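A quick write-up on the structure given underneath.
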Amino acid sequence: MSDRPVAVVTGASSGIGAASARALAEAGFEVVAGARRSDRLAEAAEAAGAVARPLDVTDPESVAAFVARLGRCDLLVNNAGGAFGLEPVAEADLDAWRRMYEVNVLGWARVTKALLPLLIDSGNGQVITIGSIAAREPYPGGSGYNAAKHGEAAVTRALRLELLGEPVRVCEIDPGLVETEFSLVRFSGDAERAEAVYEGMTPLSAEDVAEAVAWAATRPAHVNVDQITMMPRDQAGARIVHRR
Ligand code: NAP
């Protein structure tokens, strides 16, 4: 590894994670990109100029092996996550709720806890969490994802308080609608239903969010960007969307 600062991006095989890996490499970071789908990850990492490493944030052994190969970590972008389903509480699939908690909250905790010593040792560390508007506003059908993203936001904000006095900044970026594979995953591969989410409106792109990640990561060391909420102009709330 060179003497450039090292950024770890979780969930970097598509969407916001892949775009953040690119933006951070362009901003001067040595980027280590992790995800489960090795072919997609290799492709995204090559396009970004990043190093690809297998990572499943829900698997303790996978996280331990990923972290053991790092000699340095200056920035952790906790991006791996997602939603499964859009059912009301009355029809809740609790296995899906459990999986959302596993990836968005416990995955966040597993990776963050493992990397904290390196982040502190770096002398200028940073944790950036990709949360969601779902972490701020519950919406009908969102309950399981709302709970997971509210949980992720809560642990991010607790970490900010716990690290006061340490050389580690903590930032939460909460986007609204971003056109990625998010809705395809949410609706179990139903492309028509996924496309309808963005119909008649202009969503954010993964690159729009990645720009915010790179901006927060390149502020001077004494500047902590605590929280960013960003939405498309066509969206004014979790479910308040203008469609043409
Ligand atoms: P995406 O294209 O589906 O990307 C999700 C990424 O997470 C993929 O790279 C996926 O890679 C990875 N991932 C999922 N489970 C993982 C696991 N167990 N271990 C490691 N990586 C895992 O969707 P996205 O929109 O970019 O989502 C990124 C983040 O933004 C998520 O936290 C999501 O909740 C949040 N977000 C999205 C939106 C939106 O509208 N798109 C809005 C607000 C917030 P593998 O499948 O290869 O592991």
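Predicted model, so just to flag it, every value in this text is computed and none were measured. Below, all heavy atoms of this structure are taken into account, side chains as well, without hydrogens, waters or symmetry copies. Residue numbers count from 1 along this sequence. Remember, it's 1-based here, ligands and their atoms both numbered in the order they're listed.
Looking at Arg219 and Gln126, their side chains never bring a donor and an acceptor atom within 3.5 Å of each other. Between the side chains of Asn78 and Thr112, at least one donor N or O lies within less than 3.5 Å of an accepting N or O.
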Show me the donor-acceptor pairs within less than 3.5 Å that the side chains of residues 146-155 make with the rest of the protein, sequence neighbours left out.
from	atom 1	to	atom 2	distance (Å)
Asn146	OD1	Tyr139	N	3.1
Asn146	ND2	Ala134	O	3.0
Asn146	ND2	Glu137	O	3.4
Lys149	NZ	Asn104	OD1	3.1
Lys149	NZ	Ile130	O	3.2
Lys149	NZ	Glu152	OE1	2.8
His150	ND1	Ala134	O	3.1
His150	ND1	Asn146	O	2.9
His150	NE2	Ala135	O	3.2

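The ring-ring contact (aromatic ring centres under 6.0 Å, His included) test applied to Tyr145 returns Phe182, not counting sequence neighbours.
Residues Asn224 and Arg160 form a side-chain contact, since some pair of their non-hydrogen atoms from C-beta on lies under 4.5 Å apart.
Near ligand 1, residues Gly11, Ala12, Ser13, Ser14, Gly15, Ile16, Ala35, Arg36, Arg37, Leu55, Asp56, Val57, Thr58, Asn79, Ala80, Gly81, Gly82, Val103, Ile130, Gly131, Ser132, Tyr145, Lys149, Pro175, Gly176, Leu177, Val178, Thr180, Glu181, Phe182, Val185 each place a heavy atom inside the 4.0 Å sphere around the ligand atoms.
Listed by first and then second residue, the salt bridge (charged side-chain N to carboxylate O under 4.0 Å, His left out) pairs that reach into residues 38-49 are Arg40-Glu181, sequence neighbours excluded.
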